[in-house]
Amino acid sequence: MNGSAARKLLVLVGPTGSGKSETAIRLAQALDGEIISADSRYLYRELNIGTAKPTPDELTLVPHHLINVTTLDNPWSLGVYQKVAHHLIQQINLRGHLPILAGGTGQYVRALTEQWEIPAQAPEHQLRDAIALWGQRIGFDALHQRLARLDPEAAQFIDYRNKRRTIRALEVIFSTGQRFSDQRKKSISPYQQLIIGIAWPRELLYERIDARIDAMFAAGLVEEVQELVDSGYAEALKRMGIIGYSEVLQHLEGKCSLEEAKEMIKHNTRVFVRRQANWFKANDPKIHWFNATDPAMLAHMLDLIKAVF
RNA sequence: GGACGGUUACCCAAGUGGACAACGGGGACUGACUGUAAAUCAGUUGGCAGAGGCCUUCGGAGGUUCGAAUCCUUCACCGUCCA
């Protein structure tokens with residue numbers, strides 16, 4: 001392919017704790033790359049220890065994007081993320097650098113690699129609350145039946161028990177006057193892209209994660225959460241449901257011991273790893289998986305990348 | 001030594017003669033996902049079969065009954081109390 005014409009995109013995926021951040025830095029150093037984070041929790045300045053965000057030192061090694069770009073008061077959503085990320089990919093290509101999209105938020109990655117067209121309607125919380133209230137009154141089954149009348153297709157792919165998605169679909173329909181299902185599309189990626197993944201044997205990955213969580217506590221996770229609570233972010237943390245923060249918060253509220261909180265974090269992180277695997281499947285033909293236990297993993301990645309770009 | 005109470009599937013636990021392969025929860029597995037996504041939600045979870053269905057399970061052994069996880073006898077183990 002004529003390299004100057006098509007915009008390039010290297011994508012690095014893998015479960016939490018797989019070493020994406022570190023690998024992305026190595027790749028960027030070797031390939032004159034810039035990293036675009038695809039991690040929904042790295043966006044927030046206030047979240048640090050519990051998210052295993054790259055350290056300030058690491059962030060200076062190569063250009064990083066979409067880390068610490070907003071605050072908990074002003075949460076980003078898929079639409080904002082997607083728009084900014086597309087723009088960054090373009091800019092980095094224009095600079096003659098290689099954009100490296102690295103992260104574990106499957107939805108964000110797919111929205112870019114599959115060129116999702118998402119409903120233009122930004123979240124409208126008042127409307128959502130109103131719909132939720134309505135649902136409480138008439139019953140959420142009835143709410144879903146209402147959706148089925150307005151947009152049968154959407155009602156088919158949204159489970160009637162999934163309140164959040166039912167409400168969002170209705171929100172979009174009411175605000176735009178158009179069917180939700182007509183406003184979501186996907187197509188071929190506009191990028192010349194290569195997706196690589198870091199694969200670990202589960203047990204080894206779990207061990208790494210456990211060790212990392214112990215290290216988070218040693219590094220002051222409890223203090224970080226306490227500071228957030230003191231700054232009035234308890235509700236925001238609860239609403240977002242961030243692993244590590246939710247559990248410590250429960251401990252700070254006296255609902256469980258510190259040790260229990262730690263165990264819950266370990267367990268919830270494991271569950272999260274498995275749910276991430278729904279987006280990044282071992283048998284996905286689009287993902288080129290590399291074995292993390294191979295000492296030459298990075299060299300193999302570079303061989304493939306250089307062959308493609 | 002005696003008196004009660006208990007032993008149910010990976011774990012906890014309901015079930016005390018028939019609708020029981022056995023409620024529920026946890027865990028695990030699989031999946032969905034289009035502006036909260038580290039969110040939200042679903043299916044499966046004794047074995048075999050595409051289904052009807054068939055086979056093996058409720059601590060062990062034996063018995064009663066047309067029929068037992070459920071009743072009886074006995075053995076084993078655990079718990080509390082009395083010696």
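Throughout, protein chains are lettered first and strands after them, A, B, ... in sequence-line order, and every chain is numbered starting at 1. None of the values given here were measured: they were computed from a predicted structure.
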Discussion item. Given B:G35, B:C33, B:A38, identify the nucleotide with an atom nearest to the side chain of A:Trp116.
Written reply: B:C33

Worksheet item: A:His97 pairs by side chain to side chain contact (heavy atoms under 4.5 Å, CB included) with which of A:Ile92, A:Leu31, A:Val62?
Response: A:Ile92

Response to the item:
note: A:Gln82, atom CD; B:C33, atom P; distance rounded to Å ~ 16 Å

Fill in: Interatomic distance where CD belongs to A:Gln107 and C1' belongs to B:C41 [whole Å]
14 Å

Discussion item. Rounding to an integer number of angstrom, what distance separates B:U73 and B:A68 when you compare their C1' atoms?
Written reply: 15 Å

Worksheet item: Does A:Tyr108 place a side-chain N or O at less than 4.0 Å from the phosphate oxygens OP1/OP2 of B:A37?
Response: yes

Worksheet item: Would one find a side-chain N or O of A:Thr269 under 4.0 angstrom from OP1 or OP2 of B:A38?
Response: no

Discussion item. Testing the 3.5 Å rule here: is there a donor-acceptor pair between the side chains of A:Asn48 and A:Glu224?
Written reply: no

Worksheet item: If only atom types and distance count, is the side chain of A:Gln82 paired as donor or acceptor with the main-chain N or O of A:Gly79 below 3.5 Å?
Response: no

Item to complete: Indicate yes or no: at least one non-hydrogen side-chain atom of A:Trp200 is less than 4.5 angstrom from one of A:Tyr206.
Response: no

Show the distances under 3.5 angstrom between N or O atoms of the protein and N or O atoms of nucleotides 43-45 of chain B.
residue	atom	partner	partner atom	Å
B:G43	OP1	A:Arg161	NH1	3.1

Practice prompt. Could you walk me through whether A:Asn291 and A:Thr293 pass the side chain to side chain donor-acceptor pair (under 3.5 Å) test, one step at a time?
Written response: CA-CA 5 Å; A:Asn291 186 345; A:Thr293 57; 2.7 Å; yes

Below 3.5 Å is the cut-off: list the nitrogen or oxygen pairs between protein and nucleotides 30-32 of chain B, distance only.
residue	atom	partner	partner atom	Å
B:G31	N7	A:Asn278	ND2	3.0

Worksheet item: Distance between the P atoms of B:C82 and B:A13, in whole angstroms?
Response: 25 Å

Worksheet item: Within 45° of the axis and under 6.0 Å from the centre of the six-membered ring of A:Phe157, does NZ or CZ of A:Arg184 qualify?
Response: yes

Worksheet item: Do we see a donor-acceptor contact under 3.5 Å between the side chains of A:Thr16 and A:Arg212?
Response: yes

Discussion item. According to side-chain hydrogen bond (donor to acceptor under 3.5 Å, both in side chains), does anything in residues 147-158 of chain A pair up with another residue at least two apart or in another chain? List the pairs.
Written reply: A:Asp151-A:Ser181

Worksheet item: At under 4.0 Å between heavy atoms, what does A:Ile118 touch on the DNA or RNA strands: base, sugar-phosphate, or nothing?
Response: base

Practice prompt. Rounded to whole angstrom, note down the P distance from B:G25 over to B:G46.
Written response: 15 Å

Item to complete: Describe the nucleic acid contact of A:Thr51 in one word from base, sugar-phosphate, nothing, applying a heavy-atom distance below 4.0 Å.
Response: base

Worksheet item: If you pin A:Ile242 and A:Arg184 to their nearest nucleotides in RNA chain B, which one's is more 5'?
Response: A:Arg184

Worksheet item: Which whole-number value in Å describes the distance from A:Asn74 CG to B:G35 C1'?
Response: 13 Å

Fill in: Pairs touching residues 228-237 of chain A that satisfy side-chain hydrogen bond (donor to acceptor under 3.5 Å, both in side chains), sequence neighbours left out
A:Glu46-A:Tyr233, A:Asp73-A:Tyr233, A:Gln226-A:Asp230

Worksheet item: Within the structure shown, what part of the strands sits under 4.0 Å from A:Pro119 by heavy-atom distance: base, sugar-phosphate, or nothing?
Response: base

Worksheet entry | Distance, rounded to the nearest Å, where A:Leu112 contributes CG and B:G35 contributes P | 14 Å

Discussion item. Within this structure, what is the NZ-CG distance for the pair A:Lys8 and A:Asn93, rounded to the nearest 0.5 Å?
Written reply: 7.5 Å

Worksheet item: Given the C1' atoms of B:A69 and B:U16, what is the spacing between them in whole Å?
Response: 9 Å

Worksheet item: Looking only at atom types and distance, does a side-chain atom of A:Lys163 sit under 3.5 Å from a main-chain N or O of A:Ala132, one as donor and one as acceptor?
Response: no

Item to complete: Identify, residue by residue, the members of residues 247-254 of chain A with a heavy atom below 4.0 Å from RNA chain B, and return them in order of residue number, or none.
Response: none

Item to complete: Could you work out the separation of B:A9 and B:G15 based on their C1' atoms and round it to a whole Å?
Response: 14 Å

Fill in: Of A:Arg270 and A:Gln183, the one whose closest RNA chain B nucleotide lies more 5'
A:Arg270

Worksheet item: At under 4.0 Å between heavy atoms, what does A:Asp39 touch on the DNA or RNA strands: base, sugar-phosphate, or nothing?
Response: base

Worksheet item: Hey, does A:Gly50 reach any base, or is it just sugar-phosphate, or nothing, if we go heavy atoms under 4.0 Å?
Response: base

Worksheet entry | A:Glu263 CD to B:G27 C1', straight-line distance once rounded to whole Å | 15 Å

Practice prompt. Quote, to the nearest angstrom, the C1' distance that separates B:C23 from B:C78.
Written response: 26 Å

Worksheet item: Is A:Arg128 near enough to B:U36 that one of its side-chain N or O atoms lies under 4.0 angstrom from OP1 or OP2?
Response: yes

Worksheet item: With no hydrogens and no angle check, do the side chains of A:Ser189 and A:Glu114 hold a donor and an acceptor under 3.5 Å apart?
Response: no

Response to the item:
Stem ranges of RNA chain B by first residue number, counting only runs of at least 3 Watson-Crick or G-U pairs under 3.5 Å, come to B:1-7 with B:76-82, B:10-12 with B:24-26, B:27-32 with B:40-45, B:46-48 with B:53-55, B:59-63 with B:71-75

Discussion item. Under 4.0 Å, heavy atoms only, any strand: does A:Glu117 hit a base, just the sugar-phosphate, or nothing?
Written reply: base

Worksheet item: Heavy atoms under 4.0 Å, any strand shown: does A:Phe180 hit a base, just sugar-phosphate, or nothing?
Response: sugar-phosphate

Worksheet item: Taking it one step at a time, do A:Thr176 and A:Gln183 satisfy side chain to side chain donor-acceptor pair (under 3.5 Å)?
Response: CA-CA 10 Å; A:Thr176 64; A:Gln183 301 182 61; 3.0 Å; yes

Worksheet entry | Nearest-angstrom distance, C1' atom, B:G6 to B:C12 | 15 Å

Fill in: A:Arg270/A:Asp210 under salt bridge (charged side-chain N to carboxylate O under 4.0 Å, His left out): CA gap, chis, key distance, verdict
CA-CA 9 Å; A:Arg270 290 179 183 206; A:Asp210 286 352; 2.8 Å; yes

Worksheet item: Is it true that the side chains of A:His251 and A:Glu260 contain a donor and an acceptor less than 3.5 Å apart?
Response: no

Discussion item. Could you tell me how far apart A:Asn268 (CG) and B:A37 (P) are, to the nearest whole angstrom?
Written reply: 17 Å

Worksheet item: Under the salt bridge (charged side-chain N to carboxylate O under 4.0 Å, His left out) criterion, do A:Lys262 and A:Glu247 qualify, and how do the steps go?
Response: CA-CA 8 Å; A:Lys262 191 189 274 189; A:Glu247 297 84 350; over 6 Å; no

Discussion item. For A:Asp39, is there an ion pair with A:Arg41 - N to carboxylate O distance below 4.0 angstrom?
Written reply: no

Discussion item. Would you measure the distance from the C1' atom in B:U45 across to the matching atom in B:U36 and give it in whole Å?
Written reply: 31 Å

Discussion item. Please determine whether a side-chain nitrogen or oxygen atom of A:His267 lies at a distance below 4.0 Å from atom OP1 or OP2 of B:A28.
Written reply: yes

Fill in: Distance in angstrom units between A:Ile209 CD1 and B:A38 P, rounded
14 Å

Item to complete: Rounded to the nearest angstrom, tell me the gap between atom CD1 in A:Ile173 and atom C1' in B:U34.
Response: 14 Å

